[in-house]
Amino acid sequence: MAGRTVNVLNVAEKPSVAKSVATILSRNQGLRVREGRSRYNKIFEFNYAIRGQPCHMLFTSVIGHLMELEFEERYRKWLSCDPADLYHAPVHKFVPEDKKDIKRTLEEEARRCQWLVLWLDCDREGENIAFEVVEVCTTVNRHLNVKRARFSALIDREIHQSVQNLVEPNKWFADAVDARQEIDLRIGASFTRFQTMLMKDSFIIESGTDDRNLVLSYGPCQFPTLGFIVERYWEIQAHEPEEFWSINCSHKSDEGIASFSWMRGHLFDYTCAVIIYEMCVQEPTATVAKVRQQEKLKYPPHPLNTIELEKRASRYFRMSSEQTMKVAEELYQAGFISYPRTETDSFSSRTDLHAIVQEQQAHPDWGAYAQRLLDPGASLWRNPSNGGHDDKAHPPIHPTKFSIGESRWSQDHRKLYELVVRHFLACVSQPAVGAETIVEIDIAGELFSASGRVILAKNYLDVYRFESWGGSMIPTYTVGQQFIPTTLTLDSGVTRPPPLLSEADLLSCMDKEGIGTDATMHDHIKKLLDRFYATKDANTRFTPTNLGEALVMGYDDMGYKLWKPYLRAVMERDMKEVSEGNKTKAVFLASSLQQMKACFLDARLNKAKLLEAMAIFFERSNRSGSNEIHTAGEVVVVRPCGLCQESDMVLKQNRDGNFMVGCLGFPQCRNAVWLPRSVSEATVTTNICTSCSPGPVYLIQFKFRQLEIPPNYNVNHLGCIGGCDEILTQLSEICGTGPRVPARGRGSTAPPGNAHQTNMRQAVCTYCQETGHFSNDCPSHISGSRNAQRHGMNQRTGEASISCNTCGTPCILRTANTSNNRGRKFYTCPSQECNFFVWEDSLNNSAGGGSVTRSNSIRASNTSRNGGRGRGSRNGPHPASVTFVSATGDPVSGRRCFVCGDPSHFANVCPNRGA
DNA sequence: GCAAGGTC
């Protein structure tokens, strides 16, 4: 159907694509360039034949979306309408001022063309932009023949194939985006106006910004992002440290030292751990059960996409995702790296990977590595792995131009270019190879293992300096070999809360839940900082501000999961339905907006929840004299923190009204003393306690609620939280302390209307029973080893009624704090030598004979037989060799039950063992 | 003064 030459207007999504495609199609022959109305969007001209039809091709571009969506004028002013009206207020698309010149170029060129070919990116947004271009062009030329070019990479064959097989634009794809835009706008604008006006009227909000500019925005991406941060923060607060025990063993020989860890990991039940430990100590000979040697590979990363670039730049350089994208964009604009906004993490088989490596051979730092890669004799090359993502539009991020660093580059430019190059070189390299040895030993039926690793070939790790693979040597062992452990200890530990979310963690959460796109995730993160919803520390970890926490808490109290990723997930599913033609845009819009409007109206009805949550952190603006004792920001120091020894401990009142004295170093330091629930008022005085340390410990004037304390206690009390105050201790025990209900944590299904808790659990040491620290931080400890612990006398319950059967020292009565036995009392010997332990309730149980002497304590001493006093000092090294002796000083030989002393069985099967 | 999505 060859005939008269037709003029074809071709439009790409960005200038770089217009240039690339024009260059490919023209084969760089007769390609002319001229200026358009917009300085960024050139117009390329050349001749081409589409299916035999001679064409004069004009190739230009837009810069992403050409149009924006906006409410009609009369709804634009914040006070012009009820925010609820924004769910049905008319909206229209328009070309914003900064895109007008692009529009004019399109109009001018479209007038003289017969065909319009759309070269927008082949995703939903691209299809939507295509329809924006169609609207602009067909408005001035109704006779345009509109076609779509589908291409998945800027590669010659693909582009030529694409132009010879033009298709129709996909309206369903564009519709899905239209609907998303409209829903985002209506939800965002309505909630933002509502909550901003509500809060600004009600509270004094310090946000570091001018009150006039304070906007409390709500958005379907920014709020779930904030939700991730708050949820983690709550998880940390709700964490209840739990003590656990593990048995550890080391063995030193001429070849070095091996640390064996218990293959059970750890136990939360102290008694069980002691019983097993005792079995080990009775028969301490270790027998090597298994020696496994295997080759281990550490693979290089997948090719680099945007999210990985952001995560790695954050991890390796602590660069913010926003800065990373800004620098990457500049490197891309200057031609040094490929397009930085890509989901793709696998290279097309058509990419000339060798050519990219070749370019890097001259680099002073990694040039030699690039040369080795290209040397077939070095066998370093490996085809890159496939990460499983492909946006069909862009390749993984890789270097496109060699540079030893340009003079105008900042440090960040240098770092990011280096990361892109090294990552690429790593991708085409062999994995690192290590030889791993795992040794398993058996002590009295318990298994322990130790491992060592030798790196045989670093391979990709030679160039990818950001990753490492630790190696450690252990002595050689053979199966059946026997030895006496150098140390065998029962150690305690405590479970720790997870850390605050890092930027890399946050990006992972967003990626996993589909919040934002690779090109926008960093924007959402930045928005949270700009809105003062969250802060980021030097380690790139995020903490919600009071404002951020209050907003999430308020909506959560209403029972709405507006701060969860579900809303976005549902919208994403609906968008997919629309883009596949299974649901119309009208149906999606109507149902979604109806639901959201109902949610909005309900939220507004329940605004008291939002106000309540805000009132926890902020002062009411319409009340001058708050009757609350401690408002946000007020800091009243009670004492220096003895745990972290860095910060002060201050008096605080939690959301539930309970008082506590907590460390300002929270959440890094979790030292806290909860005060009795019956306290109605607490004021720090200038009086200083004469006995508690570290001081000064300021006395607090308490007022108790009369009805909540026994009649023999005074309503007013000047007390000390340092541990010396019997009255405070007694009232804490009688009235209880701290939160009344568990704090919300991940997946909490707490019904709306719950009182809120911070639940910074009261720290109570299970050894000395003092508040303010856990047993692993107990000052009474001499070392972390259970075998060498000295227990402080319990001030409250120190009245020992029984004595240790080994040393005769009066025992202390303590309270178990493990999940299985919480609240149960037991006796232990305060001596560091004895491992005496007995449940209080078992003493009254006649089945066990009622005698504590049935317990067979064990001690470990060094060979000098000095009674063990020479070992276990806080910093002292372990002795070179240790033999185990029984309580009587005889070498341990026979097996005896720890509970009843019977040599016929072990304690774990003892018929007399307590529950 | 609101959203999220493109991109110079």
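A note on names: the letters A, B, ... follow the listed sequences, proteins ahead of strands, and every chain is numbered from 1. Quick note: numbers below take in every heavy atom, side chains included, and nothing from hydrogens, waters or symmetry partners.
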- request: To the nearest Å, give me how far apart OH (A:Tyr40) and C1' (B:dC8) are.
  value: 5 Å
query: Under the criteria of a ring-centre distance below 5.5 Å and an interplanar angle below 30°, is A:Trp78 stacked with the base of B:dG1?
result: yes
- prompt: Would one find a side-chain N or O of A:Ser217 under 4.0 angstrom from OP1 or OP2 of B:dC2?
  reply: no
message: Please determine whether a side-chain nitrogen or oxygen atom of A:Gln222 lies at a distance below 4.0 Å from atom OP1 or OP2 of B:dA4.
response: yes
message: Just to be sure I understand the rule, does A:Phe194 reach a base, reach only the sugar-phosphate, or reach nothing, if contact means heavy atoms closer than 4.0 Å?
response: nothing
task: Could you check how far CD of A:Glu513 sits from P of B:dA4, rounded to whole Å?
output: 16 Å
message: Using whole Å, what does the distance between atom P of nucleotide B:dT7 and atom NZ of A:Lys42 come to?
response: 19 Å
- request: Please tell me which of A:His524 and A:Lys77 maps to the more 5' nucleotide of DNA chain B, matching each residue to the nucleotide holding its nearest heavy atom.
  value: A:Lys77
query: Is A:Glu68 touching bases, backbone alone, or none of the nucleic acid, heavy atoms closer than 4.0 Å?
result: nothing
message: Base, sugar-phosphate or nothing for A:Asn128? Non-hydrogen atoms, less than 4.0 Å.
response: nothing
task: Give A:Tyr218 one of three labels, base, sugar-phosphate or nothing, depending on what nucleic acid heavy atoms sit under 4.0 Å from its own.
output: sugar-phosphate
- prompt: At under 4.0 Å between heavy atoms, what does A:Glu127 touch on the DNA or RNA strands: base, sugar-phosphate, or nothing?
  reply: nothing
- prompt: What nucleic acid atoms does A:Ser38 come within less than 4.0 Å of, heavy atoms only: base, sugar-phosphate, or nothing?
  reply: nothing
- prompt: Which nucleotide, B:dC2, B:dA4, B:dT7, lies nearest any side-chain atom of A:Glu13?
  reply: B:dT7
query: OP1 or OP2 of B:dC2 less than 4.0 angstrom from a side-chain nitrogen or oxygen of A:Ser190, does that happen here?
result: no
query: So does A:Arg32 have more than 12 non-hydrogen atoms from other groups sitting under 6.0 Å from CZ?
result: yes
task: Under 4.0 Å between any heavy atoms, over every strand shown, what does A:Pro83 touch: base, sugar-phosphate, or nothing? Just pick one.
output: nothing
field: Ring geometry between A:Phe59 and A:Phe46 (parallel below 30°, tilted from 30 to 60°, perpendicular above 60°)
entry: parallel
message: Just the rounded figure in Å: distance from P of B:dG5 to CD of A:Glu343.
response: 12 Å
- request: Answer yes if the side chains of A:Ser592 and A:Gln595 hold a donor-acceptor pair under 3.5 Å, and no otherwise.
  value: no
Phosphate-side-chain proximity, A:Tyr339 and B:dT7, N/O vs OP1/OP2 below 4.0 Å: yes
statement: note: A:Ile525, atom CD1; B:dA4, atom P; distance rounded to Å ~ 13 Å
query: Which one, B:dC8, B:dG6, B:dA3, comes nearest to the side chain of A:Pro15?
result: B:dC8
task: Determine the contact category for A:Gly516: base if any of its heavy atoms lies under 4.0 Å from a base atom, sugar-phosphate if only primed atoms, P, OP1 or OP2 are that close, otherwise nothing.
output: sugar-phosphate
- prompt: With a non-hydrogen cut-off below 4.0 angstrom, is A:Lys527 in contact with a base, only sugar-phosphate, or nothing?
  reply: sugar-phosphate
message: Base, sugar-phosphate or nothing for A:Arg39? Non-hydrogen atoms, less than 4.0 Å.
response: nothing
field: Interatomic distance, A:Asn41 CG vs B:dT7 P [rounded to whole Å]
entry: 13 Å
query: When you measure from the side chain of A:Ala519, which nucleotide among B:dC2, B:dT7, B:dG5 comes out closest?
result: B:dT7
A:Glu70 side chain, from C-beta outward: closest of B:dG6, B:dC2, B:dA4: B:dC2
- prompt: Is the ring centre of A:Phe71 less than 6.0 Å from the ring centre of A:His92?
  reply: no
- prompt: What's the closest nucleotide to the A:Arg180 side chain, out of B:dA4, B:dG6, B:dG1?
  reply: B:dA4
task: Among B:dC2, B:dA4, B:dT7, find the nucleotide with the atom closest to the side chain of A:Pro220.
output: B:dA4
message: B:dA4, OP1 or OP2 - any side-chain N/O from A:Arg186 closer than 4.0 Å?
response: no
d(NZ, A:Lys14; P, B:dC8) in whole Å: 7 Å
- request: Describe, in one word, how the ring planes of A:Phe223 and A:Tyr218 are oriented to each other, choosing from parallel (under 30°), tilted (30 to 60°) and perpendicular (over 60°).
  value: tilted
- request: With heavy atoms under 4.0 Å as the rule, sort A:Arg531 into base, sugar-phosphate or nothing.
  value: sugar-phosphate
message: From CG of A:Asp178 over to C1' of B:dG6, roughly how many Å is that when rounded to an integer?
response: 14 Å
- request: May I ask you to check whether A:Phe347 and A:Phe424 place their ring centres under 6.0 Å from each other?
  value: yes
query: Which part of the nucleic acid does A:Leu69 contact within heavy-atom distance under 4.0 Å: base, sugar-phosphate only, or nothing?
result: base
- request: Would you kindly say whether A:His65 and A:Glu132 are connected by a side-chain donor-acceptor distance under 3.5 Å?
  value: yes
